[in-house]
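Following: one structure in structure tokens, then a few remarks.
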There are 2 protein chains.
Amino acid sequence: MTRSEENYIKTIFHLGGNDSISVATNAIAEQMETKPSSVTDMARKLAKKGLVNYVKYQGVSLTDIGVETALSVIRKHRLWEVFLVKKLDFSWDEVHEVAEQLEHIKSEKLIDKIDELLDFPKYDPHGDPIPSKDGKFMERDKQLLSDIPIKSKGVCVGVKDTSSTFLKFLDKNKIALGNTIEVLEKEEFDQSLHIQMDGRELHISHQIASNLYVKLND
Amino acid sequence: MTRSEENYIKTIFHLGGNDSISVATNAIAEQMETKPSSVTDMARKLAKKGLVNYVKYQGVSLTDIGVETALSVIRKHRLWEVFLVKKLDFSWDEVHEVAEQLEHIKSEKLIDKIDELLDFPKYDPHGDPIPSKDGKFMERDKQLLSDIPIKSKGVCVGVKDTSSTFLKFLDKNKIALGNTIEVLEKEEFDQSLHIQMDGRELHISHQIASNLYVKLND
DNA sequence: ACCAATTTTTAGATTTGTCTAAAATTAATT
DNA sequence: AATTAATTTTAGACAAATCTAAAAATTGGT
């Protein structure tokens, strides 16, 4: 597995989801900031290796081995992110780039030891689940803050947008994973929300609410 | 800097030393297990980038910038080795391969934080000095065990051969860096040594003694 | 100083991953 | 259903890093 192959597999997984729905050449190209013709070439190559199903003009889907490979890379990416935040005091908006490099390091022992050092974390700094060594992968029961009814209470468990600008905005407003949230009121006009977060009242736009994941209290 | 360029620079440094003596194309090729013609190509490329001095048929030497680059890669390599041993319980014969990969990760913040996490170590697990952030690099005052006079006392501070077989041999015989050493007797016939190491007496061959570095007591 | 052996370079080919521009296919619209 | 629009593939080219085989330069020995 070359670095490039791993990146394609990862992208196909992110676009096609766990069930490995067929993904369009163009979509892959756009996501990876490359050209559709390059994607076609790689699709052929990965198909020959048995990592994807590829039929001309009908997009690409991951095989079982492809999914396994994707999960292994994603596991590494997310574990490194946790490492950077927990052990080296990186902030959550700085980890992505570096993890993009570290995820390609080839050593099973290394990543297992990192996992152990971190005490087997279940989620990365953005709230995304970390696949286990054997590729199990528990998507948390969560909803967008913008989708939950008024008066409901929950805990902030993830972000949808992981861009540095958004994450820094959250930091500035002391919105962090683990914070409790109650929706007090919803403005009909612009869908903005009045919420209570860890005690203090806050007014947030729909834009923000639709990029924050909440786990409702049971 | 591509990974390949960094590996060439590192090899030229190791062969040419700090003072950047001119290194033969063939020597580089042999060390890197590649072909001389490939080295020639890379020599041109690195010369154009200002990292080496290269004159046809007269070998390659590092420029100041080349030395700086080499030290930066070596610093990363050795810090990662310390990390693997101290934080992840790798043994000293397992670290090289993985460090070969990790040394190419591009993030100044990452390596500085690793340095800090390890409390700014001065030496790697094999006793080799770790260059500082600004490229300072203190070679320890040390001698081969095979070269020091009878009755002299010192501390084991490094290994010359870092092969897995040698390191495992040392482990098996409980020879470790930091152990005290006194040379009791030298066998004229085969240059083998009777030594005292951390209290117990040991008989070691010339082969072994000529791959162990000792710092004499003052 | 010459010849032979060694080292180094050149020339041309290969692989991987990428690109552009043109052709082929599929999808959408009237 | 025919034509236009969008997507996807093909064909051919390129850069990086490597290789082989042949040519050129250097070195060593006498």
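Please read all numbers here as calculations on a predicted model, not as lab measurements. Protein chains get the first letters and strands the later ones, always in sequence-line order, with residue 1 at the start of each.
Atom CG in A/Asn7 sits about 9 Å away from atom P in C/dT18, given to the nearest Å. Separating the CG atom of B/Asp41 from the C1' atom of C/dG12 is a distance of 12 Å, rounded to the nearest angstrom. Atom P of nucleotide C/dT16 and atom NZ of A/Lys35 are separated by 24 Å, given to the nearest angstrom. Atom CD in B/Glu33 sits roughly 15 Å away from atom C1' in D/dC19 (whole-Å rounding).
Phosphate contact (OP1/OP2 of C/dT18, side-chain N/O of A/Tyr8, threshold under 4.0 Å): present. Contact check, A/Tyr57 against C/dA23: no side-chain N or O comes under 4.0 Å of OP1 or OP2. For A/Ser37 and C/dT20, the shortest distance from a side-chain N or O to OP1 or OP2 is not below 4.0 Å. Residue B/Thr40 has no polar side-chain atom (N or O) positioned under 4.0 Å from OP1 or OP2 of C/dT10. Look at A/Tyr54 and you won't find any side-chain N or O under 4.0 angstrom from OP1 or OP2 of D/dT8. For A/Lys56 and C/dT26, the shortest distance from a side-chain N or O to OP1 or OP2 is not below 4.0 Å. For the OP1/OP2 pair of C/dT16 and a distance below 4.0 Å, the side-chain nitrogens and oxygens of A/Thr2 include no atom meeting the criterion. Remark: B/Ser38 is in phosphate contact with D/dC19, judged by side-chain N or O atoms under 4.0 Å from OP1 or OP2.
Looking only at side-chain heavy atoms (C-beta outward), A/Val98 and A/Trp80 stay at 4.5 Å or farther from each other. In this structure, A/Leu170 and A/Val159 have side chains that are in contact, with non-hydrogen atoms separated by less than 4.5 Å.
With hydrogens and angles disregarded, no donor-acceptor distance shorter than 3.5 Å links the side chain of B/Thr34 to the backbone of B/Ala29.
Scanning all heavy atoms of the two residues, the minimum distance from B/Asp93 to B/Ser164 falls at OD2-OG, 3.4 Å.
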